[in-house]
Amino acid sequence: MSVITFDTIQDARRRITDYVLKTPFVSSPALSHFCGVSVGMKLEHYQTTGSFKLRGATNAMLRLNQAERARGVVAASTGNHGRALSHAARALGSRATICMSRLVPENKVSEIRRLGADVRIIGCSQDDAQEEADRLAADDGLLMLPPFDHPDIIAGQATLGLDIVDAMPDVATVLVPLSGGGLAAGVAAAIKGVRPAAQIIGISIQRCAAMKASIDAGHPVKVDEVPSLADSLGGGIGLDNELTFAMCQALLDDVVLLTESEIATGIRHAYNEEREILEGAGAVGIAALLAGKIAGLREPIALVLSGRNIDMDLHCRIVSGETNPLRNAI
Ligand SMILES: *Cc1c(COP(=O)(O)O)cnc(C)c1O
C-alpha cells in the first residue's frame, strides 16, 4: 500500500493534467431533498472516452519510456479501460491490444476498434480475457497495463479524489463504484490523505461482488461472472492481487451491494431528474442512496458518476421502465 503515497497521487495529477478533462462537480437538489442531506456529484462520465479510466491509463502510459511505448501495450478489459488505454496509447504514439470477453457490450468494443486498437474477443469472463492478455505479453513482448492492480493506474484514478476534495473541502462521505478496486483504492487514498475522517463506501453489484467476497474472506476469492446492467463492475480482483485488495481492505469503511432493479432505478433517476445519461456502473452511487442502503449518512456526501458508455437501446429500455431490459439486450 505504501507504494501509493499522497505525493505519488499529486505527481500523477501534474503528469496527466494536459491529457484529461477537469470534469464538473455539481450539487444534486433532487438527491439532497430525497436524502435530507447535502449531495454533490462528480460528473466524471464527461471525461474523454466516457469514463474515469483515462486518468489511470494516461498516467501509466506517460510513465513508460520510449522503448516501452514502442513495444505496444496490452490489457484485459470490461471495455472502459480498453477504450481509455487505446486513446492514451494513440495520443502517445504507442499501440494497444485489448482482450475482452463476449460479455463486453458491442458499443464498447466498436469504440475501441475505432481508436485503432487491436481487439481480441475471447471467452466468457474477464479471467478468460486476462489469460489471453498474459499470453500476448509473454509471446509477443507486449507490455501489460492492467485495468486496476497497478500502482500507476491506481495513482491516476486517485486524482479523481483530489478533484472531489477541491470541489467539496468538507466532504464527509464518498460513494465510489467498486469492482477491481483501482478507483475506490485511489480515491480513498487521496481523500483520506486530506480528510482522514471522511468515510469512503464502495458500491458493487450483488450478482458478482468479488471485492466484497474477498474482504469478507480475508483474501482474494473468485466469484462467477454473470451479465449485469453494471457491466463495468463485472470480473474478479485476481487471486494474485497485489495492491487493490489490501488498499480496499484498509481504506474502505463499508461495501454496499445492489440488485439489478436498484441499478435500473439509479439510471432512470439520473436521466429523469439529473438529465444525465449514465451506464449502470456510473449510476450505482445514486442507486445506493435511492435504495436507502447507506446507513448513518454523514454530510456532505459526494458521488462519483464514473461512466456513460451504455448501449443506447438498452438505456432507452431502462428509462422507459422495461422490467427486464437486460434479457432482451444480450
Ligand atoms: C472500471 C469501472 C468501474 C470500477 O473501477 P475499478 O477500479 O475496477 O473498481 C466503475 N465504473 C466504471 C464506469 C468503470 O469503467
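Basis for what follows: all heavy atoms, side chains included, without hydrogens, waters or symmetry-related copies. Counting starts at 1 for both ligands and their atoms, following the listed order.
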How far does [atom1] of [X] sit from [atom2] of [Y], to the nearest 0.5 angstrom?
{"X": "Glu225", "Y": "Arg207", "atom1": "CD", "atom2": "CZ", "result": "12.0 Å"}
{"X": "Lys53", "Y": "Gln157", "atom1": "NZ", "atom2": "CD", "result": "7.0 Å"}
{"X": "Met61", "Y": "Arg15", "atom1": "CE", "atom2": "CZ", "result": "13.0 Å"}

List every atom of ligand 1 that sits less than 4.0 Å from any heavy atom of [X], numbering the atoms from 1 in the order shown and giving each element.
{"X": "Gly182", "value": "6 (P), 7 (O), 9 (O)"}
{"X": "Gly181", "value": "6 (P), 7 (O), 8 (O), 9 (O)"}
{"X": "Asn80", "value": "13 (C), 14 (C), 15 (O)"}
{"X": "Glu279", "value": "13 (C)"}
{"X": "Gly307", "value": "13 (C)"}
{"X": "Pro177", "value": "10 (C)"}

For [atom], closest protein heavy-atom neighbour:
{"atom": "atom 5 (O) of ligand 1", "answer": "Phe52 CZ, 3.5 Å"}
{"atom": "atom 8 (O) of ligand 1", "answer": "Gly180 N, 2.9 Å"}
{"atom": "atom 12 (C) of ligand 1", "answer": "Ser306 OG, 3.4 Å"}

Any donor-acceptor N/O pair, Glu279 side chain to Asn309 backbone, under 3.5 Å
yes
Do the side chain of Arg195 and the main chain of Val171 share a donor and acceptor less than 3.5 angstrom apart?
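It does hold such a pair.
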Is Lys53 touching ligand 1 with its side chain, its backbone, both, or neither, if touching means heavy atoms under 4.0 Å apart?
side chain
Out of Leu183, Leu233, Asn309, whose heavy atom sits nearest atom 4 (C) of ligand 1?
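Closest candidate by heavy-atom distance is Leu233.
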Assess, by modelled atom type and distance only, whether the side chains of Ser28 and Glu274 contain a donor and an acceptor separated by less than 3.5 Å.
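Glu274 and Ser28 do have a side-chain donor-acceptor pair below 3.5 Å.
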Taking salt bridge (Lys or Arg N to Asp or Glu O under 4.0 Å) as the definition, give me every residue that meets it alongside Asp11, ordered by chain and number, with sequence neighbours left out.
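Asp11 satisfies salt bridge (Lys or Arg N to Asp or Glu O under 4.0 Å) with Arg14 once adjacent residues are dropped.
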Quick check on Ala184 - does any of its heavy atoms sit under 4.0 Å from an atom of ligand 1?
no
Tell me which pairs pass ring-ring contact (aromatic ring centres under 6.0 Å, His included) where either residue lies in residues 300-319, with sequence neighbours left out.
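Of all non-adjacent pairs touching residues 300-319, those that pass ring-ring contact (aromatic ring centres under 6.0 Å, His included) are Tyr271-His315.
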